[in-house]
Amino acid sequence: MQNLLHNLNPEQLAAVTLPSQSALILAGAGSGKTRVLTTRIAWLIQTGQVSPSGILAVTFTNKASKEMMARLSAMLPINTRGMWIGTFHGLCNRLLRAHYRDAGLPQTFQILDSQDQLSMIKRMLKTLNVDDEKYPPKNVMYFINGAKDQGLRAQAVEAYDDYNRKLVELYDIYDGQCQREGVVDFAELLLRSYELLSRNQPLREHYQARFRHVLVDEFQDTNDLQYKWLKLMSGQGRENGAAVFAVGDDDQSIYAFRGANVGNMGAFEREFAVQNLIKLEQNYRSHGHILDSANTLIANNSKRLGKNLRTDAGHGEPVRIYEASSDLQEAQWIIEESKSLIAEGAARNEIAVLYRSNAQSRVIEHALFSAGIPYHVYGGQRYFQRAEVKHAIAYLQLMDNPHNDSAFLRVVNFPTRGIGARALEQLQDAAQQHRISLYAAVPYVAGKAGSTLNGFVRLIEGARFESQHLPLAEMVQVVLDASTLLTHYQNEKEGADRIENLEQLVSAATLFVSEEGFGRDAPAFLGPKAQAAGSAIVSGDGIEIVDADAPLATVMSPLSAFLSHASLEAGDNQAQAGQDALQLMTVHASKGLEFDAVFITGLEEGLFPHENSALAEGGVEEERRLMYVAITRARQRLYMCFAQTRMLHGQTRYHLRSRFFDELPEAALKWLSPKIAHHWSAAQKSAWDDVPEAGANHNKVARQIGHKDIGWRIGESVAHQKFGEGVIVDIEGGGGNARAHINFGRHGMKLLDLGVAKLEKLG
DNA sequence: CAGTGCAATATTTTT
DNA sequence: TATTGCACTG
């Protein structure tokens with residue numbers, strides 16, 4: 001135990017050893033948040049305050065829950081079994097599998113990923129003859145997920161106009177269709193288990209009595225439903241409710257766009273009567289100038305719980321800022337700087353290049369490629385999302401639950417087996433008419449179409465029969481063969497990679513079986529019969545309790561478990577550790593990571609902060625938090641850059657430099673290129689002098705795009721009485737009639753007569 | 001039923 | 001600029 005608490009700073013120690021009451025830990029970037037969380041669990045167990053089965057620890061990502069698990073098993077001699085550690089969705093899946101009956105689901109219910117969900121909505125809109133111009137499938141999906149994320153069923157959604165009433169109706173129909181197919185989307189996992197526990201008193205009381213300590217990571221990212229779920233699980237408001245230990249950072253809340261509600265932190269403080277609010281403000285990551293920049297920037301946000309990071313490290317290097325003439329030149333500069341960092345001995349994978357949106361990576365990638373610098377882009381296609389893997393998974397899904405129409409449609413004619421649009425139309429009509437799944441509707445289709453469809457059914461049944469007693473990996477192999485997927489890709493010229501991916505599915509199954517305890521000595525899957533009692537807890541009359549913490553193998557078949565795994569864990573999208581390559585990613589993707597050197601690129605009005613953020617309530621504040629996250633990724637070196645000209649959607653755009661530059665402390669900065677004139681000070685003039693080549697370059701470019709005869713030039717910064725700062729994007733006409741297209745950022749693009757408009761030169 | 005071509009479209013994203 | 005979905009043709 002001495003060991004456990006060793007090396008914790010006073011705040012961390014206080015947090016770890018808090019009494020069993022609800023607490024809110026405001027954990028700044030780089031303050032040892034994960035360490036506190038895991039040590040808290042270890043300490044609670046080691047001091048005998050709680051048994052492992054009394055712990056519920058929730059995270060958002062699989063990566064975070066795995067890390068927690070790994071750290072815990074390193075800290076504790078006992079095994080981590082019995083503890084509930086996982087993602088919200090993973091835990092809900094487990095709960096619903098164990099209590100599928102009470103939850104009103106088939107035992108083999110399957111999980112739709114967002115792709116499946118969208119295609120299902122498209123299908124639904126088509127069969128209902130809904131105008132998809134007026135109701136774009138994506139919007140319908142956002143509406144449905146938005147409602148579910150607030151814990152609302154269709155009946156509970158208030159609609160004030162016809163448009164929304166229609167959306168509510170579609171939501172209801174969608175839910176009905178999911179129920180018929182035996183599928184649940186991500187939000188449904190949460191909502192269904194929430195409803196299960198709120199309706200079922202014995203179950204609720206069972207879990208409430210069981211979990212004594214509930215710990216939540218990244219609490220600022222919880223949505224309304226997750227918060228309600230936590231309240232229910234912890235028995236909030238009850239006399240002997242669990243102690244909830246919520247760890248989060250309101251300044252790093254960057255997911256409002258997908259329903260996260262930072263307000264949950266304040267609500268938590270009130271509703272859980274938090275008496276212990278602990279701030280972890282000691283930062284172990286970044287040098288002083290970097291931290292000062294982060295602190296000064298975030299102070300511009302109004303709604304904060306309040307927190308200021310400090311460090312014992314010295315000031316370190318200043319934050320270097322570079323103004324490029326174009327996105328190409330920006331990329332070039334990043335390469336030059338990286339080269340000198342590497343020459344100084346920096347590891348390539350300790351250098352990160354961050355951008356606001358994915359589209360920005362292309363130019364940078366191109367430049368890196370030309371320069372021969374290895375790099376890795378985060379966030380590409382993930383394993384289980386690849387088309388060929390999804391196809392194979394669809395066959396497996398049909399074997400486990402043939403009523404999954406999404407899976408059916410994905411592979412009924414892939415590889416092609418002569419089932420075309422006509423046949424499917426007939427089938428869909430039959431299914432619609434009898435209100436059954438496509439699979440079940442096959443016998444209702446007559447003629448040639450009927451017999452080809454029946455051939456497909458026999459294929460699925462055959463594979464199911466052939467593999468029913470085989471271990472999972474062999475089952476996968478049977479599917480690969482029976483589906484003719486392998487032969488299909490063998491005949492395709494670009495098929496080699498796909499075949500490799502398909503073969504990997506067999507090893508993925510093997511690995512899954514051994515890791516998740518479905519191996520040879522796994523407890524027997526209880527099967528439908530043994531679970532006839534549904535949730536056995538309910539009876540409480542001697543029937544053995546089937547709690548959701550029973551080994552996974554007892555509540556679901558290996559196949560069901562593997563399919564859940566494929567949906568819930570889309571697979572790796574991280575760079576391989578140790579790979580010696582520059583790390584390219586969006587700022588969002590960088591959250592939680594840290595690097596010796598970080599480039600924040602494209603710091604321009606309209607890009608970062610993004611133009612769309614101006615519309616959303618609190619949008620700019622979220623962008624500022626995003627910037628805060630970006631800054632706090634850096635340990636020793638931080639670079640920021642922006643470009644005057646940028647190719648965006650095939651058009652050249654002119655942007656002002658980001659307002660965030662005006663929110664940073666001058667003393668921490670070093671401008672490598674001239675700041676726009678009206679902001680110049682003696683300090684920056686000398687900074688300018690440090691880098692004569694950059695300045696020379698700047699002037700050269702200005703001359704190239706110049707329109708010198710009328711005193712104004714394209715790319716020049718100007719100020720207007722009413723519209724504020726802008727950039728001349730184009731000039732038409734000449735002499736006395738010259739008119740200029742000027743981008744005033746927030747005020748949009750204006751066409752002004754240069755002879756009439758009173759413009760002030762800024763550059 | 002497959003391949004070709006045109007038009008629309010375009011933050012951030014985990015589960 | 002790139003992708004992606006849909007309509008049309010062979």
Side-chain angles (χ1 to χ4, degrees), chain A residues 58-65 86-93 111-119 122 126 132-133 136-138 142 145 148-149 184-191 193 217-218 221-223 225-226 253-260 327 354-363 365-366 378-382 384-385 387 413-424 452 564-571 573-574 585-592 602 606-616 619 622-623 625-627 629-630 646-653:
Chain A
V58 199
T59 65
F60 277 87
T61 64
N62 293 301
K63 191 180 159 209
S65 84
T87 63
F88 278 102
H89 295 86
L91 295 171
C92 288
N93 180 42
I111 302 164
L112 294 180
D113 65 23
S114 346
Q115 252 178 70
D116 300 330
Q117 189 187 19
L118 186 62
S119 72
K122 282 184 184 165
K126 206 161 251 174
D132 58 3
E133 298 265 289
K138 274 224 174 87
Y142 294 149
N145 290 342
K148 288 190 181 187
D149 285 344
V184 298
D185 57 52
F186 288 131
E188 183 73 21
L189 283 170
L190 266 297
L191 184 51
S193 52
D217 192 16
E218 306 279 15
D221 289 339
T222 50
N223 64 33
L225 178 55
Q226 286 158 339
S253 158
I254 55 172
Y255 288 111
F257 72 91
R258 65 174 197 217
D327 48 351
L354 310 184
Y355 34 81
R356 174 66 243 263
S357 66
N358 287 301
Q360 288 167 250
S361 78
R362 230 190 41 249
V363 175
E365 282 185 67
H366 183 78
Y378 275 51
Q381 265 279 33
R382 294 156 85 201
F384 285 109
Q385 314 259 63
N413 196 36
F414 191 92
T416 30
R417 42 177 76 87
I419 299 173
R422 271 170 320 148
L424 287 181
T452 28
S564 301
H565 169 79
S567 306
L568 291 177
E569 200 171 337
N573 76 5
Q574 309 284 315
M585 66 194 85
T586 63
V587 180
H588 281 91
S590 76
K591 193 176 163 208
L607 242 199
F608 199 177
H610 196 278
E611 51 201 353
N612 295 357
S613 71
L615 308 167
E622 177 141 324
E623 296 288 304
R625 291 193 291 269
L626 198 52
M627 181 68 182
V629 167
R646 180 178 298 276
M647 218 36 167
L648 213 61
H649 307 329
Q651 278 194 320
T652 306
R653 305 233 321 205

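Chain A is the first sequence line, chain B the second, and so forth, proteins listed ahead of strands; every chain is numbered from 1. What you see below is based on every heavy atom in this structure, not just the backbone, and it leaves out hydrogens, waters and symmetry mates.
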Whole angstrom is fine here: how far is it from CG in A:Leu118 over to C1' in B:dT14?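 To the nearest whole Å, that distance equals 17 Å.
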Whether the side chain of A:Thr87 and the base of B:dT14 hold a donor-acceptor pair under 3.5 Å is what I'd like checked.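 Such a pair does not exist between side chain and base.
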Check this one for me: any side-chain N or O of [X] less than 4.0 Å away from OP1 or OP2 of [N]?
X        : N      : answer
A:Asn62  : B:dT15 : yes
A:Thr416 : B:dA2  : yes
A:Asn358 : B:dT13 : yes
A:Arg258 : B:dT15 : no

If the glycosidic angle is within 90 degrees of 0 it's syn, otherwise anti, so just tell me which one B:dT11 is.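 Syn, which is what one calls it when the glycosidic angle falls within 90° of 0.
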Of A:Glu569 and A:Glu622, the one whose closest DNA chain B nucleotide lies more 5':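 This one resolves to A:Glu622.
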Base, sugar-phosphate, or nothing for A:Ala421, non-hydrogen atoms under 4.0 angstrom?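 Here A:Ala421 touches the backbone only, sparing every base.
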Under 4.0 Å, counting only non-hydrogen atoms across every strand here, what does A:Ile419 touch: a base, just sugar-phosphate, or nothing?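 Sugar-phosphate, no base atom in range.
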Classify the side-chain pair A:Gln360/A:Asp327 by whether it contains a donor and acceptor separated by less than 3.5 Å.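 Not at all, the side chains of A:Gln360 and A:Asp327 share no donor-acceptor pair under 3.5 Å.
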Could you measure between the two C1' atoms, the one in B:dT12 and the one in C:dG5, and give it in whole Å?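 Between the two C1' atoms, the distance is 23 Å.
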